[in-house]
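Below you'll find the structure, written out as structure tokens, and then a few comments.
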Amino acid sequence: MDTITGKLNEMQKKAVLAGDGPVLILAGAGSGKTRVLTHRLAYLVMEKNVPPQSIMAITFTNKAAREIRTRVARLFGESVWFPWAGTFHSICLKMLKMFPDSLGYRENFVIYDQEDQKTLVKDCLKELNMDSKIFPPRMIVHSISRAKDELIDPEKYKKSNEGDYRLSGVAEVYELYQKKLLEYNAMDFGDLIFNAVTMLENFDKIRGYFQNLFRHILIDEYQDTNLAQYKLANILSRIHENIFVVGDDDQSIYGWRGADIRNILEFEKDYKGCLTIRLEQNYRSTKNILAAANDVIRNNARRKGKTLWSEKGDGSRVQCMTASNDFNEAEKVASIIAEETEKGRKLDEFAVLYRVNAQSLRLEQALKTRNISYKVFGGTSFFQRKEVKDIIAYMKLALNPDDNVQLKRIINMPRRGIGKTTVTRIEEIAASLGSDMYDVAIRAGDYSILRSAENRVKEFTVIIEKLRKAAKELPVDDFYDMVIEASGLVKMYEAEGTVEARSRIGNIRELKSAILSSMEEFPELTGDEMTLEGFLSNIALSTDADEEKEGPYVSIMTLHSAKGLEFPTVFIIGMEEGIFPSYQSITESADRLEEERRLCYVGITRAMDEIYLFNTSERTLYGHTQRNLPSRFLAEISPTRMEYMSSGRGYGYGRKKTTRSTGFGLTRGGKPIDIASLKVEAGGAADVSTGQRVSHRKFGEGVVTSSEGTGEDKMIVVEFEESGTKRLMASYAKLKVLED
DNA sequence: ACGCTTCCAGTTTTT
DNA sequence: CTGGAAGCGT
């Protein structure tokens with residue numbers, strides 16, 4: 001028992017030892033939630049004798065799943081296999097593969113990523129004669145994905161959007177899109193969850209089987225679940241009712257991807273009699289950092305409410321700096337890192353976080369010129385690279401020739417003289433026959449209209465036939481060799497001879513190492529040999545397979561990708577209105593802005609010892625230069641926690657003289673001004689600004705959360721403690737500004 | 001069929 | 001400023 005609870009604090013212990021029934025753990029940032037989960041798993045197996053195969057443990061990333069596995073293994077002193085530990089997607093895939101024909105899918109179905117989805121949507125638009133200007137494929141993919149997150153099928157979608165021209169159009173596409181997916185024997189990410197839920201709902205026996213199987217369900221990052229995932233867990237936990245969820249409503253930052261913060265906010269309502277435990281002791285950050293984070297998140301209305309505390313010392317104050325422009329900002333970050341490493345600190349103690357990937361460019365340049373090693377996380381992942389996807393398309397098609405999307409991708413890749421006309425003809429013939437394009441291609445000679453292209457098409461089908469045979473006979477690594485050889489893709493890049501082509505060949509070769517390492521891992525995990533099907537599903541569900549980088553490096557990434565990580569020193573750059581919070585979140589809704597604020601909270605709480613917040617007075621993004629006011633989040637942090645560093649002007653090459661001012665004014669046009677007095681709009685005549693506390697004679701006290709327009713027309717949104725959120729006209733509302 | 005030019009839009013992205 | 005897509009000329 002001591003090995004399980006020995007190093008836990010009281011609250012953590014209570015969570016780990018909780019009895020049967022639903023349990024909600026509200027775990028603040030850095031409060032040891034992974035520790036609680038792993039200890040809970042160990043407790044269930046070691047003390048309660050629950051067989052590992054009857055525990056479902058769900059995380060959001062493969063990385064988190066791996067982490068939990070290795071940490072549980074450490075507790076056990078040996079590796080115990082939890083067959084149902086993984087991501088929502090991998091677990092659903094596993095359930096679906098156990099009963100593949102229940103939903104009309106054939107075995108060997110493949111998984112579509114976003115790019116495949118977009119391609120398929122474009123095909124649907126063309127077939128429906130719809131204009132992709134009016135119905136941008138990106139937006140449609142998004143709408144379809146959101147619908148699936150909310151368990152809305154095409155029929156329901158159509159019904160609930162009757163009369164709306166745009167959404168009815170989306171419904172049309174959605175319907176055809178699903179039809180094609182089934183024909184092509186493919187599922188997208190959303191389908192994995194949606195179909196698993198559908199399968200459980202429609203088949204009593206299957207449902208009963210899983211409901212009995214899972215005596216305990218544990219879910220990490222519960223604040224990021226969507227409705228479909230909520231439903232899945234809800235159905236599966238109905239018999240044993242042991243649902244143990246861990247999350248932090250203040251870290252819900254994926255609403256735009258369908259995550260429904262309601263799931264965690266209303267867990268107690270949905271699971272009556274649940275045990276709720278708050279983990280508020282933070283083991284990560286200094287008091288100043290936590291205070292700043294608490295200051296920011298306090299301004300959100302939609303939250304459970306929780307205040308983190310720490311036994312660590314105050315540490316240094318939040319370092320704020322206004323750079324003249326983005327170039328200068330990057331220079332400063334780089335120079336601080338250089339200075340600190342000269343004092344003996346390691347590069348991997350630093351992370352630089354930003355709102356959008358496009359911001360990384362300047363930073364990379366600045367770090368490069370100083371020879372500071374760095375790694376950009378996120379961005380295009382290895383398996384998304386064009387050349388890698390092409391190879392995978394060959395593999396997918398060999399496994400599943402029904403897949404027209406992959407066929408169209410590679411039929412003329414490398415060039416073999418099959419152009420648009422031929423492809424369209426094959427497509428039309430296939431459509432009128434009700435068969436797949438591959439069937440038509442292989443019989444190209446039978447169709448007079450294809451006669452002229454027959455030889456070139458045959459060249460392609462011969463390759464695929466060879467690969468289909470090989471796919472059944474060869475182990476995956478040998479099969480890969482054959483794909484390289486038969487497709488001629490590497491040969492094509494070799495002929496190109498450019499630097500870019502060489503890097504593409506490098507990536508293709510890298511894919512082989514990915515295969516080899518999965519082949520090693522696979523039998524360990526499942527006891528089976530890795531099949532082509534297994535490999536393809538594996539990589540479809542993994543993103544973090546990037547090549548390891550040698551040596552210590554500075555981590556640079558978006559705020560989103562930083563979730564779950566920690567660093568001694570964190571820089572957040574671009575703390576500006578319109579950047580962070582993003583322009584869209586300011587204009588769209590209060591909810592979106594609250595999510596943005598949570599993102600800020602996530603960012604600040606990544607820091608253990610030091611945090612630097614940067615903004616610029618001028619920034620070039622997407623080719624145009626803009627002047628942004630400092631982020632409202634800066635104004636929300638108590639000045640007593642901040643230290644404002646101003647510096648000599650200069651555009652990157654000026655002297656790096658840094659002067660410290662005792663106050664916290666922001667330097668603009670040479671005059672220091674108080675952050676709290678900044679207006680949201682440049683030049684606005686209104687006298688209330690976002691973040692300010694105001695009082696209204698009828699509504700009571702509240703906080704200004706957003707505003708739009710200027711002068712007479714200025715509208716502000718105020719969240720009143722008693723009366724809720726109100727939209728008011730600033731000039732008529734007769735608000736009194738409260739001093740703190 | 002293919003390559004070259006022009007035009008346009010452009011968050012965040014655990015799967 | 002980028003990358004992707006559509007359009008046009010060979």
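Remember, predicted model here, so these are calculated numbers, not experimental data. Within every chain, numbering begins at 1; the chains are lettered A, B, ... in the order of the sequence lines, protein sequences first and strands thereafter.
Qualifying side-chain contact (heavy atoms from CB on, under 4.5 Å) partners for A:T59, counting only residues two or more places apart in sequence or in other chains: A:A64, A:A65, A:I68, A:T87, A:D220. In this structure A:D113 satisfies the salt bridge (Lys or Arg N to Asp or Glu O under 4.0 Å) test together with A:K389, sequence neighbours excluded. The side chain to side chain donor-acceptor pair (under 3.5 Å) check on A:S360 picks up A:E364, with sequence neighbours excluded. A:T605 meets the side-chain contact (heavy atoms from CB on, under 4.5 Å) test with A:A29, A:A293, A:Y601; sequence neighbours excluded. Listed by chain and residue number, A:Y105, A:R106, A:F109, A:N400, A:D402 satisfy the side-chain contact (heavy atoms from CB on, under 4.5 Å) test with A:N185 (two or more places apart in sequence, or in another chain). Taking the salt bridge (Lys or Arg N to Asp or Glu O under 4.0 Å) definition, one finds that A:R504 meets it with A:E387, A:E500, sequence neighbours left out. Residues forming a salt bridge (Lys or Arg N to Asp or Glu O under 4.0 Å) with A:K491 (at least two apart in sequence, or on another chain): none. The side chain to side chain donor-acceptor pair (under 3.5 Å) test applied to A:R619 returns A:E329, A:E576, not counting sequence neighbours.
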Polar atom pairs between nucleotides 3-5 of chain C and protein, under 3.5 Å, N or O only, would you list them?
unit_1: C:dA5; atom_1: OP1; unit_2: A:K122; atom_2: NZ; d: 2.7

For nucleotides 1-10 of chain B, give me one character per nucleotide, 5' to 3': B if any protein heavy atom sits under 4.0 Å from the base, S if the only such contacts are to the sugar-phosphate, - if neither. SSS------B
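A heavy atom lying under 4.0 Å from DNA chain B marks the following residues of residues 353-360 of chain A, by number: A:R355, A:V356, A:N357.
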Show the atom names and distances, to 0.1 Å, of all donor-acceptor pairs under 3.5 Å that link a side chain in residues 135-146 of chain A to residues at least two apart or in another chain.
unit_1: A:H142; atom_1: NE2; unit_2: A:R146; atom_2: NH1; d: 3.1
unit_1: A:H142; atom_1: NE2; unit_2: A:W256; atom_2: O; d: 3.3
unit_1: A:S143; atom_1: OG; unit_2: A:M139; atom_2: O; d: 2.9
unit_1: A:S145; atom_1: OG; unit_2: A:V141; atom_2: O; d: 2.8
unit_1: A:R146; atom_1: NE; unit_2: A:D149; atom_2: OD2; d: 2.9
unit_1: A:R146; atom_1: NE; unit_2: A:R257; atom_2: O; d: 3.4
unit_1: A:R146; atom_1: NH1; unit_2: A:W256; atom_2: O; d: 3.3
unit_1: A:R146; atom_1: NH2; unit_2: A:D149; atom_2: OD2; d: 2.8
unit_1: A:R146; atom_1: NH2; unit_2: A:R257; atom_2: O; d: 2.9

